[in-house]
Amino acid sequence: MGSHGQPRSQGRARDLPVRALIPSDQAAPAPGTCRARVFHVPLRESTHMRRSLDLLYKVSGGIAAFFLMMIALTIVAQIIGRLIGVTIDSTESGGFFLAGTSFMGMAYTLKTGGHIRVSLLLSRLKPGLARAADVLGCAFAAFGCAYLCWQTWDMIHDSWRFGDLSPGLMAIPFWIPQSVMLAGLMVLTIAFLDDLALLLRGRMPGFAAPHEPALDDIEQGE
Amino acid sequence: MDILTITAILGAILLLLLAGGLWIGATLMVVGYIALDIFSPAPAGSLLATTLWDHSWGWALTALPLFVWMGEILFRARLSEDMFAGLAPWLDRLPGRLLHVNIVGCGVMAAVAGSSAVTAATVGRMSLPELKSRGYSETMAIGTLAGSGTLGLLIPPSIMMIVYGISAQQSISRLFIAGIVPGLLIMGLFMGYVMIWSAFNRDKVPAAAERLPLVEKLRRSRRLIPVMLLIFAVIGSIYGGYATPTEAATLGVFGALGLAALSDALSWHTFTESLLAATRTSCMIIAIILGAAFLSVGMAFLGIPVTLAEWVSGLGLSPGMLLALLTLIYVVLGCFLEGASMIVLTTSVALPMVVAAGFDPIWFGIYLIVVVEMAQLTPPVGFNLFVLHGMSGRDMWTVTRASLPFFALLVLGVVLLAIFPGLATYLPDLMLSR
Amino acid sequence: ETTWTMASGYADSNFMTQNIQKFIEEVEASTEGELKITLHSNGTLMKLDAIRRAVQTEQVQIGEIRLGSYSNEDPMYNLAGLPFVAGDYDSAWALMQAQKPYFDELFDGIGLKVLAYQPWPGQGFYTKEPVNGLADFEGQKLRIYSKATQDMGNALGFEATILPFAEIPQAFATGLIDALFTSPQTGIDIQAWDNTNYFTAAGAIHTKNAIVVNKDVFEALPEELQAALVAAGEAATASGWEMSKATYAAQLDILAENGMTVTEASPEIIAKLKEIGQSMMSEWEATASPEAKAVLETYQSGL
Ligand code: NA
Ligand code: NA
């Protein structure tokens with residue numbers, strides 16, 4: 001994977017126009033890259049459903065980024081607190097924000113082609129077979145993710161039932177940050193289902209999107 | 001069913017799923033799930049949820065997204081480009097030129113970050129596009145990064161040393177000091193290799209720019225100052241006792257934002273783009289970390305690493321043979337397990353064995369760290385391979401091939417450590433009286 | 001024949017792990033091999049703080065937990081952690097006896113049954129400079145990890161710095177912290193002599209770990225196995241106290257052998273700690289339920 005779609009001049013990501021945030025309804029990669037052989041050129045979809053889904057990933061990605069910023073802010077508060085002699089604990093809040101970043105960002109990362117696969121076999125298969133493997137993998141991931149949601153729900157229910165509180169100075173009920181994990185996993189399940197549907201209709205799934213690698217212009221035939 | 005058959009089945013499933021293109025984190029989770037659900041009585045589903053949760057909010061991981069964000073800001077504000085432009089005139093006569101920036105940059109980053117993924121991702125974000133645009137060999141750019149990224153584990157601070165220190169009850173301070181010389185040694189090996197390689201591959205290193213007079217060199221070096229200041233501030237905050245490594249990462253972020261603002265490169269757009277890009281990169285890495293954590297829970301329930309170590313202990317080998325066999329086993333384990341789990345799951349059996357054979361526990365810790373570094377470079381589960389694959393967009397095979405020489409150099413490092421144990425033990429004995 | 005998986009959090013050389021191994025042998029012997037327990041020590045299966053949930057949800061059947069980790073949930077978890085509420089082993093034993101019925105009910109409500117308690121040895125101050133009196137604490141940076149240690153540290157004149165356990169060695173090396181308040185066991189675990197030169201023993205606090213079993217799993221056992229487990233647990237509690245006592249003396253020797261100067265805290269420091277204990281106790285009473293306060297009264301009336 002990771003072939004880069006947009007033809008670029010000498011590698012300056014910052015010189016480029018803003019890449020569309022969610023490329024699942026973008027035009028397919030330029031001819032000659034491996035993806036173009038596999039997927040039909042999708043028509044630009046602009047249904048109500050498409051827009052809502054893309055908004056969902058965008059919002060959850062935005063929340064993830066916000067949590068990442070909060071990690072930094074709480075840690076700065078801890079450093080400043082130490083300098084002026086006030087004890088502020090960010091080890092726990094930092095951890096919770098990190099979990100929030102990780103899980104809320106999962107779907108956004110998937111839909112922008114950020115999650116990596118090895119796919120050595122896949123890239124050597126005939127397009128039809130490769131697509132079948134993609135469909136299978138995507139369906140399997142959607143199922144697994146839904147199962148994980150169910151198990152996470154059980155875990156949260158237990159945290160609530162047992163009244164578990166975090167051990168640090170904050171003492172917040174564990175079910176609160178754990179619910180963020182569930183929310184992120186639910187969006188990820190939707191994203192997998194969405195990609196599965198796109199695959200089945202012959203369109204480019206979000207996970208195959210170019211994700212702004214640090215090197216550009218993959219050599220032909222890698 | 002015996003443990004070898006189970007291991008072989010699990011390994012085969014892992015390879016099949018990875019080759020078939022399932023996401024790496026998902027693959028590791030599936031294999032862990034099969035291990036628990038089929039081969040152990042433990043409830044796999046509930047363990048999956050709690051393991052993912054427990055590992056997602058650990059303090060040790062918080063530095064990851066912060067350092068990645070810092071790298072993104074420096075890149076987007078063109079500060080990393082400035083750094084390369086400032087360094088270039090000084091490295092003109094060194095064979096391999098700016099490739100050494102990867103190695104030294106990773107060494108410096110390793111003095112701040114405790115993990116190899118962070119080291120490789122942060123330095124790679126800044127250096128890959130620069131080296132590429134200047135016409136350096138991509139293979140060497142990727143290989144030096146993948147190799148030097150592992151220094152994050154050997155040069156203090158190091159999460160792996162903390163893990164070993166706690167599970168082997170060894171002094172973490174001693175381990176930190178013991179890692180310095182081997183870390184420099186491995187940097188030296190890498191730089192030596194780059195020089196030799198460049199001598200034989202002159203066509204793959206861009207021609208040197210015109211030789212500049214000293215005054216001009218110094219004038220151009222002004223562009224180095226901002227990033228150098230940031231590096232000193234981050235390192236100084238740790239070693240001056242003002243901040244923990246995680247806090248230093250935060251200082252790095254705010255410092256980078258400040259520099260970007262000073263050079264008029266900070267806009268709402270750079271800010272949000274850098275934040276979103278950091279989110280994506282850390283989500284990618286964390287998904288794999290979580291998968292690896294769950295797989296190692298599966299291995300722990302089945303007791304696979306302990307069984308292997310007990311088998312070795314029953315053979316009654318000479319110290320040299322013991323070390324050779326252990327290295328081989330760790331290399332094989334390292335293909336499938338993430339480093340921290342390798343250490344945690346084997347120390348209780350392996351340590352008494354090597355101590356009985358006459359090895360120093362601190363030395364063994366450093367040896368283990370280098371072996372774990374090697375594990376970062378071996379497919380199918382090699383973290384630096386994943387990070388570089390994700391960052392460069394090149395396929396796993398290309399990245400693995402590029403990293404191979406550096407894997408071999410790490411093996412050489414282990415051999416040197418075995419022949420000259422003082423490399424690891426001299427400095428801590430000198431600095432800390434027992 | 002039944003086989004259980006057990007998770008515990010400390011290294012094999014730790015006396016708590018050794019006591020657990022003794023407990024396991026005892027169970028196996030007294031049940032004539034009907035109940036076997038496989039121990040995964042040193043956090044190899046899961047982190048110490050994840051073990052309670054693992055036992056509650058039958059991921060493992062039995063495990064070791066650190067009661068002090070749950071202080072936020074019920075003040076009872078924290079009672080033993082207040083300075084000089086139970087400053088020696090005998091009063092720690094009496095406190096444990098008084099707490100037992102309360103904990104039995106508390107754990108019953110969350111699906112667990114306590115089989116045994118093990119006390120941590122008394123604590124003390126690890127410092128770089130000698131400690132003769134309170135003045136030597138002034139302005140020193142003490143590593144803290146909880147509300148209770150924060151209050152105590154501040155009251156003694158320290159500057160409290162919150163830090164995760166694993167950051168301690170580096171924080172010492174770089175001067176982020178100057179002092180540590182913990183047990184000799186933890187000091188040995190992190191080889192405190194690399195960073196500090198003086199251990200000033202205060203005793204003061206004997207917190208407890210507990211061996212807990214999943215209630216449903218326990219109740220599903222035949223009665224004679226249940227009885228054997230309970231008996232082995234009681235024996236483990238008794239031997240836990242003995243081992244802790246013996247270990248404390250041996251551990252002070254280890255600190256000294258490694259070049260640390262080990263002294264008893266001066267009367268001035270002990271008096272201050274007792275005073276702090278008193279004020280923390282009144283705060284504790286303000287948050288505790290009538291039932292919890294009754295436990296404290298039972299304990300104090302028996303002293
Ligand atoms: Na490091
Ligand atoms: Na590997």
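First the proteins, then the strands, lettered A, B, ... as listed; each starts at 1.
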With a 6.0 Å cut-off on ring centres, are B/W57 and A/F174 close enough?
yes
Can you say whether A/M106 sits under 4.5 Å from chain B via the side chain, the backbone, both, or neither, judging by heavy atoms?
both
Between B/G20 and A/A133, what is the shortest heavy-atom contact and its length?
O-CB, 4.2 Å
Please identify, among A/M181, A/Q178, A/Q78, the residue contributing the most non-hydrogen atom pairs under 4.5 Å to chain B.
A/Q178
Are B/P65 and A/I71 packed together at the side-chain level, in the sense that at least one heavy-atom pair is separated by less than 4.5 angstrom?
yes
Under a 4.5 Å heavy-atom cutoff, which of B/A287, B/C283, B/P380 has the most pairs with chain A?
B/C283
Could you tell me which portion of A/Y147 (side chain, backbone, both or neither) has an atom closer than 4.5 angstrom to a non-hydrogen atom of chain B?
side chain
With rounding to the nearest 0.5 angstrom, report the CG to OG1 distance, A/D154 to B/T50.
11.0 Å
Gap between atom CG of A/L68 and atom CG of B/L275 - 0.5 Å precision:
5.0 Å
Can you tell me how far the CZ atom of B/R280 sits from the OG1 atom of A/T109, to the nearest 0.5 Å?
7.5 Å
Whatever's closer than 4.5 Å to a heavy atom in chain B on A/M69 counts as both
Side chain to side chain, B/L64 and A/L98, heavy atoms closer than 4.5 Å
no
Are the side chains of B/T62 and A/T91 in contact, using a 4.5 Å heavy-atom criterion?
no
What part of B/V30 lies closer than 4.5 angstrom to a heavy atom of chain A: side chain, backbone, both or neither?
side chain
What verdict does the side chain to side chain contact (heavy atoms under 4.5 Å, CB included) test give for B/I24 and A/R117, after you've listed the backbone C-alpha separation in whole Å, the side-chain angles of each residue and the deciding distance to 0.1 Å?
CA-CA 6 Å; B/I24 293 162; A/R117 331 190 274 160; 5.5 Å; no
Heavy-atom pairs under 4.5 Å with chain B - which of A/A72, A/G137, A/S159 has more of them than the others?
A/A72
Could you tell me if the side chain of B/L48 sits less than 4.5 Å from the side chain of A/T152, heavy atoms only?
no
Any donor-acceptor pair under 3.5 Å from A/H115 side chain to B/I288 backbone
no
Between B/L17, B/V253, B/L61, which has the largest tally of heavy atom pairs under 4.5 Å with chain A?
B/L61
Which answer fits B/A278, side chain, backbone, both or neither, if we ask what part of it has an atom under 4.5 Å from a heavy atom of chain A?
both
Quick one: of B/T281, B/L52, B/L251, who has the most non-hydrogen atom pairs under 4.5 Å with chain A?
B/L52
For A/M186, look at atom CE and say whether over 12 heavy atoms of other residues, nucleotides or ligands are found less than 6.0 Å away.
no
Is it the side chain or the backbone of A/I156 that comes within 4.5 Å of chain B heavy atoms, both, or neither?
neither
Taken to the nearest 0.5 Å, the spacing of B/H55 NE2 from A/S102 OG works out to 13.0 Å
Could you tell me which portion of A/F103 (side chain, backbone, both or neither) has an atom closer than 4.5 angstrom to a non-hydrogen atom of chain B?
side chain
So what's closer than 4.5 Å to chain A heavy atoms on B/Y242: side chain, backbone, both or neither?
backbone
Would you check if A/M155 and B/S46 make a side-chain contact, meaning some heavy-atom pair closer than 4.5 Å?
no
What do you reckon, is CZ of B/F271 surrounded by more than 12 foreign heavy atoms closer than 6.0 Å?
yes
Between B/T279 and chain A, with a heavy-atom cut-off of 4.5 Å, which part of the residue counts as in contact: side chain, backbone, both or neither?
both
With a 6.0 Å cut-off on ring centres, are A/F140 and B/W23 close enough?
no
Region of B/L16 in contact with chain A, defined by heavy-atom distances below 4.5 Å
neither
State, yes or no, whether a side-chain contact exists between A/I79 and B/F254 at a heavy-atom distance under 4.5 Å.
no
What residue in A/L148, A/D158, A/L185 has the most heavy-atom pairs under 4.5 Å with chain B?
A/L148
